[in-house]
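One structure below.
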Protein chains: 2
Amino acid sequence: MSAAKPRYQELKDFIIAKISSGELQPADRVPSENELVESKRVSRMTANRALRELNDEGYVERVAGRGTFVSDYRSRSDLLEVQNIAEEIARRGNTHSSRVLRQSQQHARGEIAKALHVDQGTAIFHLLLVHFENNVPIQVEDRHVLASFAPDCLEQDFDVVTPSGYLTGIAPLQEAEQAVRAVMPNEAVRKYLEMDTGEACLVVIRRTWTKGRPVTFSRLHHPGSRYELTGHYTPPGSPRTPSSHVVQLEKLRQ
Amino acid sequence: MSAAKPRYQELKDFIIAKISSGELQPADRVPSENELVESKRVSRMTANRALRELNDEGYVERVAGRGTFVSDYRSRSDLLEVQNIAEEIARRGNTHSSRVLRQSQQHARGEIAKALHVDQGTAIFHLLLVHFENNVPIQVEDRHVLASFAPDCLEQDFDVVTPSGYLTGIAPLQEAEQAVRAVMPNEAVRKYLEMDTGEACLVVIRRTWTKGRPVTFSRLHHPGSRYELTGHYTPPGSPRTPSSHVVQLEKLRQ
DNA sequence: TAGTGGTCTAGACCACCTC
DNA sequence: AGGTGGTCTAGACCACTAG
């Protein structure tokens, strides 16, 4: 019953599982190549490939002479980074809070049903909340979740955990698709975000997949004057930039 | 004077050079592992690592039993993809055109000098043009380029090649950093893009690096009603999705 | 049948870090 | 001095593809 899986991949899965489960925390030491050679009965080249790829993929960081260590969570997954606004705010050293405006069950209508690949009328949960950074509103989250994916969604206290945090706790998301637009907000959104009239919104429309199925469809409105999306790109094959990976555009207030 | 470069890296550079120079075209066959073993006097494991990494990085595609082949250019670099609006439009099957509004030499002032890491007064080129998709204005490109990087910038005919295409022809860009914002356009931009009053702009502010130095700083305005920025993400370590790997600018007809 | 990539092994040498 | 990662070698077996 061997899964016919390459041994280096088994090693990788073994380490990733320990990280995912929390058994290995960021900065914890990962078994060295030699330790894996002994415990897993593989050659050193195989252990090396496993750890090297985990390094390339950002799961761990390796230092010759010292060892292999679990990467800091934040620098690992751009996906999660982009996902959870509470973490994003915390990373800036600010305090996050939120207000739940709606938390109800609905039936999927046209656009939502289509986006989530389900039949019309399928049970879904609808969440509407405002996120604050240092008590300044910064995002209106309008989210639709497949009810079958998150059955206890209505019992959650989203003042404590963000929907994103709750959902990734159920199962890690595997894929995300998003579109970014600039639009004028409607009156309701404008008030929630305490925006001036004539101010634009940066809107992120996002779908996330778990186990190959779309489970969430959300529309995130941000005040154009207080929010921007930043990204840093290196072409494939570049060496990983260890620290200045987070270089930010300097203040460019036009 | 060996550069103390690993041999697998030398192999990679060797292949990449052939691809960059055009000696190897997309779909062309790349030397096999055994051929590299002979011609480059390396072990097969070393040749394997070089080709495998080139595969992971998207330069080539490998098929067991057949060989290794140069990837289709378009699916290779997300960075370039996101860079060149003409290619984006062409990929959608539409026709690109542009109008040059300004093409002049200036001295770097405060913000620009800071963004490009040069002293005040350093010579730079300033480009301002409008890009059209099927004769509909879709982007105002306001770009500043280090003069020392592109000395013949003023002689270029940007009706034929986009600034982006011209610049990547000089040297491949290695890094990019961008911020996305939603703002209301000023009157000039609004007219260039033929936007309604009260329509928002999606603005991309981008800096690109070559050889470790920032060489370009641009501000790209798009009409919010006709443009969106889309992205598709998979967490690190996921299998490469062959086709929908692309991150592309897409037009939106809402 | 010969060639390809995919994987694995059991050694090896080195630079580096920590003790 | 001993452990770590970084690299490299010279073999090997396999599944797959092609002629």
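So that the names make sense, note that chain A is the first sequence line, chain B the second, and so on, each numbered from 1. All values reported here derive from a predicted model rather than from experimental measurement.
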#### Entry: A:K40 and A:E10: CA distance, side-chain angles, deciding distance, salt bridge (Lys or Arg N to Asp or Glu O under 4.0 Å) verdict
CA-CA 10 Å; A:K40 296 296 178 180; A:E10 284 186 358; over 6 Å; no

### Query
Tell me: CD of B:E10 to P of D:dG6, nearest whole Å?
18 Å

### Spacing between B:E33 atom CD and D:dA12 atom P, to the nearest angstrom
17 Å

### Earlier contact from the 5' end, DNA chain C, for A:V63 and A:P6
A:P6

### Query
What is the distance from CG of A:L36 to P of C:dT9, rounded to the nearest Å?
12 Å

### Message
With no hydrogens and no angle check, just 3.5 Å: does a side-chain donor-acceptor pair link A:D152 and A:Y166?
### Response
yes

### Between D:dG5 (P) and A:N48 (CG): distance, integer Å
9 Å

### Query
C:dG5 C1' sits how many Å from B:N55 CG, rounded?
10 Å

### N or O in side chain of A:R29 less than 4.0 angstrom from D:dT4 OP1/OP2
yes

### Query
Base, sugar-phosphate alone, or nothing: which one does B:Q9 contact when heavy atoms must sit under 4.0 Å apart?
nothing

### Message
For C:dG11 and A:S43 - does any side-chain N or O of the residue sit under 4.0 Å from the phosphate oxygens OP1/OP2?
### Response
no

### Query
Are A:T46 and C:dT7 close enough that a side-chain N or O sits under 4.0 Å from OP1 or OP2?
no

### Query
In whole Å, what is the span from the CZ atom of B:R7 to the P atom of D:dT7?
13 Å

### Query
Under the 3.5 angstrom rule, does the side chain of B:R62 hit a backbone N or O of B:G67 as a donor-acceptor pair?
no

### Task
Using the ring of A:F69 (Phe, Tyr or Trp, six-membered ring only), decide whether A:R29 places NZ or CZ under 6.0 Å from its centre and within 45 degrees of its axis.
no

### Message
Quick test of your reading of the model: are A:K12 and A:E53 salt-bridged, counting only N-O distances below 4.0 Å?
### Response
yes

### Task
With heavy atoms under 4.0 Å as the rule, sort A:R44 into base, sugar-phosphate or nothing.
base

### Summary
Pairing partner of D:dA10, by Watson-Crick or G-U wobble and under 3.5 Å for both distances, is C:dT9

### Query
For residues B:E38 and B:N34, is any side-chain donor paired with an opposing acceptor at under 3.5 Å?
no

### Query
Within the pair A:Y8 and C:dT7, is there a side-chain N or O less than 4.0 Å away from OP1 or OP2?
yes

### Query
Taking only N and O in the side chain of A:R62, is any of them less than 4.0 Å away from OP1 or OP2 of D:dG6?
yes

### Phosphate contact (C:dT4 OP1 or OP2) by B:S32 side-chain N/O below 4.0 Å
yes

#### Entry: For atom CG of B:N34 and atom P of D:dG11, their distance in whole Å
13 Å

### Summary
The answer to which of B:M45 and B:E35 contacts DNA chain C further toward the 5' end, by nearest nucleotide, is B:E35

### Query
Quick one: is D:dT4 close enough that its OP1 or OP2 comes under 4.0 Å of any side-chain N or O from A:T68?
no

### Query
Has B:R49 got a side-chain N or O lying under 4.0 Å from the OP1 or OP2 atom of D:dT7?
yes

### Task
Measure the distance from CD on A:E38 to C1' on C:dG11 and round it to the nearest whole Å.
16 Å

